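All values reported here derive from a predicted model rather than from experimental measurement. Both ligands and their constituent atoms are indexed starting at 1 by order of listing.
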Amino acid sequence: MSPMESTAQRPVAVNAPVTDLDPYADAVLDDPYPHYERLRELGPIFYLSRYDAYGLARHAEIDAVLRDPATFCSSAGVGLANFHTTAAWRKPSIILEVDPPMHARTRKVVAGLLAPASINKLRPTFEQQAERLVDALLQQGGQIDAVPALCEAYPLKVFADAVGIPAQGRETYLLPYGDMVFNAFGPVNERFQACLAKAQQGAIEWIGEVCKRENLTSDGLGMQLYQAADEGLLAPDEAPMLVRTLLSAGLDTTVFTLCNAVLSFARHPDQWALVHANPALARQALEEVLRYESTFHSFYRTTTRDVDIAGVQMAPEQKICVLIGSANRDPRRWGETADRFDVTRRAVGNMAFGTGIHGCAGQMIARLEGETLLTVLARRVKAIHLEGAPSMHYNNSVRGYTRMPVRLVAA
Ligand code: OVV
């Protein structure tokens with residue numbers, strides 16, 4: 001028996017393949033893909049004995065579960081912790097951690113805010129900021145730590161400006177707050193505890209403050225949520241909760257996606273050459289980055305009733321881990337070349353933004369950020385050289401980096 005397939009903790013009721021793999025171990029997150037392949041080969045569903053959760057690693061089963069929110073709910077939390085039995089570290093989100101019919105009401109307001117028609121007004125500003133940032137980095141010689149200088153700097157400017165929060169405190173508090181939000185979707189491990197201790201040193205309090213109406217600009221996405229409340233579409237106390245959602249979901253994710261983009265291109269110079277030769281490929285290339293290095297690696301749903309997946313019976317209140325990063329490499333969906341980074345591929349239908357009623361509401365603005373920055377890089381930068389080993393940012397649900405020394409070579 002391989003070390004992965006131990007039966008030591010198998011409860012009587014489990015009739016699925018059992019694995020004691022820890023999807024949260026640093027060594028797994030460093031390169032999860034060989035592990036994901038083994039999980040997919042275990043079968044359509046397996047049991048994660050360390051966490052008393054079932055797991056799905058294939059595209060088809062993950063897609064089916066995310067499209068059936070009545071059976072696989074979000075109101076028990078979308079992390080390993082079950083909100084029915086364990087108190088959450090903060091007030092649950094009123095859009096993420098809820099089910100229909102409540103979900104439809106808040107989702108509609110947020111969807112309107114982030115729809116293509118609204119988002120496209122931001123494009124000229126995003127383009128201008130991308131040009132300013134990249135030009136400044138190239139003027140300094142292009143030798144940078146891409147994480148703070150590029151991947152963090154851009155969303156911290158353009159997305160936080162779009163929401164309309166003050167500049168003061170952004171750099172200190174926004175990313176540590178999101179780090180905590182995303183760690184909370186996994187187990188209560190050392191990583192969670194250390195991050196919570198850090199977030200408690202100001203970030204949680206600061207977020208509470210900047211979500212208030214008096215601290216938002218008059219023309220941003222945050223104020224639009226208060227205006228929706230004025231119109232009766234939200235209760236007054238729901239507006240700050242949804243500003244919190246924008247700030248929770250919208251920063252670390254886009255920062256990590258940009259990290260994954262820069263690193264994928266640094267490691268695949270032939271693919272950067274294609275984008276540099278044709279900057280109009282930027283949007284499609286970004287989609288391939290999202291597929292190839294999914295920013296989300298995993299999260300959960302919870303069963304609401306007796307249900308079986310591929311013949312495996314589960315009781316209500318059962319946690320199911322969906323390994324999004326694995327769905328995006330599943331050869332059953334992507335063919336033999338699933339593990340190849342190929343910007344000419346049509347990567348649409350990847351699971352990086354999830355799917356179904358809870359599919360990422362911010363995906364259009366996230367893509368706008370990625371596309372605008374990659375387009376400017378494509379025009380201005382002919383090569384991206386990795387100048388040292390990147391350092392991974394370990395998190396219980398998302399993958400990114402803390403440090404990435406690169407040299408941007410001006411075109
Ligand atoms: C999709 C997402 C991620 C993190 C936080 C939230 C949503 C939220 O609603 O707070």
Problem set entry | Distance-only side-chain donor-acceptor flag, Asp20 / Ser49, under 3.5 Å | no

Exercise. Which atoms of ligand 1 are found less than 4.0 Å from any heavy atom of Val181?
Worked result: 4 (C), 5 (C)

For this session: Select one of side chain, backbone, both or neither to describe which atoms of Ile95 lie under 4.0 Å from any atom of ligand 1, heavy atoms only.
Result: side chain

Problem set entry | Tyr292: partners by side chain to side chain donor-acceptor pair (under 3.5 Å), with sequence neighbours left out | none

Problem set entry | Proximity to ligand 1 by part of Lys91, non-hydrogen separation under 4.0 Å | neither

Problem set entry | Shortest protein heavy-atom distance from atom 8 (C) of ligand 1, along with the residue and atom involved | Thr245 OG1, 3.3 Å

Seminar exercise, completed: If you compare Ala249, Pro92, Ala184 by their heavy atoms, the one closest to atom 3 (C) of ligand 1 turns out to be Ala249

Exercise. Is any N or O atom of Arg244, backbone or side chain, closer than 3.5 Å to an N or O atom of ligand 1?
Worked result: no

Exercise. Is the shortest distance from a heavy atom of Met241 to ligand 1 less than 4.0 Å?
Worked result: no

For this session: Output the list of atoms in ligand 1 that are nearer than 4.0 Å to some heavy atom of Ser93, sorted by atom number.
Result: 8 (C), 9 (O), 10 (O)

For this session: Specify the closest pair of heavy atoms between Ala282 and Thr375, including all atoms of both residues, with the distance to one decimal.
Result: CB-OG1, 3.3 Å

Exercise. So do the side chains of Val210 and Pro166 get within less than 4.5 Å of each other, counting heavy atoms only?
Worked result: yes

Problem set entry | ring-ring contact (aromatic ring centres under 6.0 Å, His included) evaluation trace for Tyr54 with Tyr47 | CA-CA 4 Å; Tyr54 287 88; Tyr47 181 75; 5.3 Å; yes

For this session: Could you walk me through whether Tyr401 and Val255 pass the side-chain contact (heavy atoms from CB on, under 4.5 Å) test, one step at a time?
Result: CA-CA 9 Å; Tyr401 293 84; Val255 167; over 6 Å; no

For this session: Show which atoms of ligand 1 fall inside a sub-4.0 Å distance from at least one heavy-atom site of Phe182.
Result: 3 (C), 4 (C)

Exercise. By number and element, which atoms of ligand 1 are closer than 4.0 Å to a non-hydrogen atom of Arg90?
Worked result: 5 (C), 8 (C), 10 (O)

Exercise. For ligand 1, which atoms sit closer than 4.0 Å to a heavy atom of Ser248?
Worked result: 5 (C), 10 (O)

Exercise. How about Arg58 and Ser326: does a side-chain donor come under 3.5 Å of a side-chain acceptor?
Worked result: no

Exercise. Can you tell which of Trp334, Phe265, Trp272, Tyr33 makes a ring pair (Phe, Tyr, Trp, His ring centres under 6.0 Å) with Phe341?
Worked result: Phe265

Exercise. Which protein heavy atom lies closest to atom 6 (C) of ligand 1, and at what distance to 0.1 Å?
Worked result: Leu96 CD2, 3.8 Å

